[in-house]
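As structure tokens, the structure follows; a few thoughts come after it.
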Number of protein chains: 2
Amino acid sequence: MAAVDLTTHPGHLARRLQQAHHLLWNTMVSEEITSPQFAVLNALVAEPGLDQRTVGERVGLDRSTIAEVIGRLIRRGLLDKVRDPQDGRRFLLRLTDDGVRTHRRLTVRTARMNQVFLAPLDADEQALFIDLIRRVADAAEGLRDPAPSPAAPR
Amino acid sequence: MAAVDLTTHPGHLARRLQQAHHLLWNTMVSEEITSPQFAVLNALVAEPGLDQRTVGERVGLDRSTIAEVIGRLIRRGLLDKVRDPQDGRRFLLRLTDDGVRTHRRLTVRTARMNQVFLAPLDADEQALFIDLIRRVADAAEGLRDPAPSPAAPR
DNA sequence: AGAAAATACTCAGTGCCCTGACTAACTCGG
DNA sequence: CCGAGTTAGTCAGGGCACTGAGTATTTTCT
């Protein structure tokens, strides 16, 4: 008894939403390059020469995961990684020509995929959908560090 | 150049939403039992004695993943798995007493967590949020099998 | 200058998620 | 009754995502 209706649980819906997206991505965008990998390429198109940690921050991946993703992109020849001569801890990342081409090619397809993905909603709803998800995600991310009392921000 | 703004991409937002949810789950619900594991427990509270495949269908996991999740729940002693005497291919699943207790305990906490998770939205927005996500996820899942022409449904 | 703290990254371990190939068991048509 | 097709589950392999521990390098404080 006392089972719950999971279709009203945002977490469960979030998981299903992501699965559905992953599926559509595979068929409409690429079976080689995944959505997080594309996010990394995109971050480096916007800001070439970032280090790993910062890229991870931009796309929302922790230090371990970003290392794996970058490893795969390097293996595919889309990315180069060189020690920062200024700071021996960092690796600076830069797209190869192939990486730039791949990003451009996938950009077109992701736009098409997003249209299909959001097709069940009308234009107003689409904007609302994006806004609501962003607000919830932003707020939950803000809960990470318990935010010390405003009197002691440092 | 020509980088894209990922904050308008539903797939990227879906991933961030799920990450945020996962984080909150860990702190507010359980570090032992994950959200998909809870979904399995919940499915078996609603319908005891289901087989693996059907549980997977109920919670939205493929045959491989559901096998892993069930394996972990069995190792934790929350679940039992026995061959169906009627059909030697199936395993029938049933919660242990501990499994039932765990489900009950977590149900209370998930309700609290959902409140916190959705707190940035007002009541109307929350209902809308759930509705929009569900519609998009359902539609995308329906794209799996290309839906043959209506004249030849069989 | 030298010790302590912070930072960037790696590695091991756990869990979720999928596909494709395989095995065992059942069903159905002839 | 028996072979072909279907179904439930396993296994190998690839990718995402996190934590905690450990290494190397830089910064900071004294």
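So that the names make sense, note that chain A is the first sequence line, chain B the second, and so on, each numbered from 1. What's counted below: heavy atoms across the whole structure, side chains too, no hydrogens, waters or symmetry copies.
Considering only side-chain atoms of Arg75(B), the nucleotide from dC18(D), dC9(C), dG15(C) that sits closest is dG15(C). Of the listed nucleotides (dG15(D), dC18(D), dT10(C)), dC18(D) has the atom at the smallest distance from the side chain of Asp62(A). For Leu61(B), whose side chain is taken as the heavy atoms from C-beta onward, the closest listed nucleotide among dA8(D), dC18(C), dC9(C) is dC18(C).
The pair Asp97(A)-Arg101(A) does not meet the salt-bridge criterion, since no charged nitrogen lies less than 4.0 angstrom from a carboxylate oxygen.
Residue side chain Ser64(A) reaches the base of dT19(D) through a donor-acceptor N/O pair under 3.5 Å, judged by distance alone.
Across all strands, Gln37(A) comes closer than 4.0 Å only to sugar-phosphate atoms, never to a base (heavy-atom distances). Nucleic acid contact class of Thr65(A) (heavy atoms, under 4.0 Å, all strands): base. Backbone-only contact: Asp51(A) has heavy atoms under 4.0 Å from sugar-phosphate atoms and none from a base.
In this structure, Phe117(B) and His21(B) have perpendicular ring planes: the angle between them is above 60°, well past the 30° mark.
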Set out, line by line, the N/O atom pairs under 3.5 Å between protein and nucleotides 26-28 of chain D.
residue, atom, partner, partner atom, Å
dT26(D), OP1, Gly88(A), N, 2.6

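Taking atom CZ of Phe91(B) as the reference point, atom C1' of dA25(C) lies 11 Å away to the nearest angstrom.
Nearest-nucleotide positions on DNA chain C for Gln19(A) and Lys81(A) put Lys81(A) closer to the 5' end. Position along DNA chain C of the nearest nucleotide to Gly60(B) versus Arg63(A) favours Arg63(A) as the more 5'-ward residue.
If you check the side chains of Thr7(A) and Arg134(B), you find a donor sitting under 3.5 Å from an acceptor.
Taking 4.5 Å as the limit, some side-chain heavy atom of Arg15(B) sits within range of a side-chain heavy atom of Leu61(A).
Contact annotation: Arg15(A) side-chain N/O to dC17(C) OP1/OP2 distance is under 4.0 Å. Between Arg76(B) and dT14(C) there is no side-chain polar atom (N or O) within less than 4.0 angstrom of OP1 or OP2.
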